[in-house]
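Just so it is clear, the values below take in all heavy atoms, side chains as well, and ignore hydrogens, waters and symmetry mates.
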Amino acid sequence: VQLQASGGGLVQAGGSLRLSCAASGRTFSSYAVGWFRQAPGKGREFVAAIRSSDGRTYYADSVKGRFTSSRDNAKNTVYLQMNSLKPEDTAVYYCAADNKLKFDVAAFRRNDEYDYWGQGTLVTVSS
């Protein structure tokens, strides 16, 4: 499966952005999708994930209540709605997919569990 992340940009603190992760190549509905981000000089960290089976979502504590992930399987697309953005949300955001992730909550948060990655989209939040 090929992934294409888009929707990044420059926004002021308190603003919103919606990222999209469009997939092609295989049956996307059977893939769990994770969102990760990497700030300058830092490692890649988990942001959110959405299950394939029932659309259940998981979030990092740092974004819980502000970010929402959803999926539209008919469009082969997963979204990350980001509200109340903060300067510390500035990073390159990546989407990743895997069809083996099912119910292991801890596994959704590990970037090495995902086989397929998009190219990343830059989100910059100004103060």
Side-chain angles (χ1 to χ4, degrees):
V1 63
Q2 293 80 43
L3 303 176
Q4 179 77 33
S6 62
L10 174 64
V11 64
Q12 289 188 332
S16 298
L17 282 174
R18 188 177 79 160
L19 305 184
S20 298
C21 178
S24 61
R26 292 188 182 179
T27 307
F28 191 54
S29 60
S30 64
Y31 285 73
V33 174
W35 290 94
F36 295 81
R37 66 187 181 187
Q38 187 164 17
K42 295 187 177 181
R44 193 169 295 187
E45 66 171 356
F46 170 77
V47 176
I50 185 164
R51 291 201 314 205
S52 60
S53 56
D54 54 8
R56 182 171 180 174
T57 51
Y58 306 100
Y59 300 97
D61 288 343
S62 59
V63 307
K64 200 173 293 183
R66 300 188 297 123
F67 291 11
T68 302
S69 186
S70 60
R71 65 191 304 158
D72 185 340
N73 288 331
K75 295 182 178 180
N76 275 7
T77 302
V78 168
Y79 304 99
L80 184 67
Q81 178 67 42
M82 306 187 297
N83 299 327
S84 302
L85 283 161
K86 304 175 181 180
E88 51 264 43
D89 294 318
T90 295
V92 177
Y93 283 71
Y94 299 89
C95 61
D98 195 272
N99 63 353
K100 301 183 298 298
L101 289 168
K102 300 298 181 184
F103 304 107
D104 184 341
V105 177
F108 283 99
R109 299 172 180 267
R110 294 195 294 263
N111 58 18
D112 60 358
E113 294 287 343
Y114 294 83
D115 286 342
Y116 303 96
W117 288 81
Q119 85 290 358
T121 184
L122 176 62
V123 172
T124 304
V125 184
S126 62
S127 57

Just verifying a value: how many Å separate F46 CZ and R37 CZ, rounded to the nearest 0.5 Å?
11.0 Å
Tracing side-chain contacts under 4.5 Å among Ile, Leu, Val, Met, Phe, Trp and Tyr outward from L10 reaches none
Cation-pi check for Y31 against R71: NZ or CZ below 6.0 Å from the six-membered ring centre and within 45 degrees of the axis, yes or no?
no
Measuring from atom OG of S20 to atom CG of L3, what distance do you get when rounded to the nearest 0.5 angstrom?
12.5 Å
For the residue pair A32 and S52, what are the closest heavy atoms and their distance?
N-CB, 3.9 Å
So, does T90 use its side chain to make a donor-acceptor pair with the main chain of V125 at under 3.5 Å?
yes
Inter-residue atom distance S53.OG - K102.NZ, 0.5 Å rounding
7.0 Å
Answer yes if Y59 and L101 sit in the same cluster of Ile, Leu, Val, Met, Phe, Trp and Tyr residues linked by side chain heavy atoms under 4.5 Å apart, and no otherwise.
no
Judged by atom type as modelled, is there a donor-acceptor pair below 3.5 Å linking the side chain of R66 to the main-chain atoms of S84?
yes
Report yes or no: do V1 and I50 belong to one cluster of Ile/Leu/Val/Met/Phe/Trp/Tyr joined by side chain heavy-atom distances under 4.5 Å?
yes
Does the pair D61/K64 count as a salt bridge with the N-to-O cut at 4.0 Å?
yes
Would you mind checking if D54 and R56 are paired as a salt bridge, meaning a charged N to carboxylate O distance below 4.0 Å?
no
Nearest atoms (heavy-atom pairs only) where F108 meets D104
CD1-O, 3.1 Å
Can you tell me how far apart CG (L17) and CD (Q81) are? Round to the nearest 0.5 Å.
8.5 Å
Nearest heavy-atom pair of L80 and A48: which atoms, and what distance?
CD1-CB, 4.0 Å
Is V92 reachable from V123 through a run of hydrophobic residues whose side-chain heavy atoms are each under 4.5 Å from the next?
no
Value for CG (D89) from OG1 (T124), rounded to nearest 0.5 Å, stands at 11.0 Å
Closest heavy-atom pair, T57 versus S69, reported as atoms and distance to 0.1 Å, is CG2-O, 3.4 Å
Heavy atoms of F28 and V33 approach each other most closely as CZ-CG2, 3.3 Å
Once rounded to the nearest 0.5 Å, what's the spacing between atom CG of L19 and atom CH2 of W35?
5.0 Å
In terms of heavy-atom contacts, N111 and W117 come closest through O-CZ2, 3.3 Å
Between Q4 (side chain) and G118 (backbone), is there a donor-acceptor pair under 3.5 Å?
no
Does a sphere of radius 6.0 Å around NZ in K75 hold more than 12 heavy atoms from other residues, nucleotides or ligands, not counting ones at 6.0 Å or beyond?
no
Output field: ring centroids F36/Y114 closer than 6.0 Å
yes
Co-members of Y79 in a cluster of I, L, V, M, F, W and Y side chains, linked at under 4.5 Å:
none
Without swapping roles, check the side chain of D98 against the backbone of D115 for a donor-acceptor pair under 3.5 Å.
yes
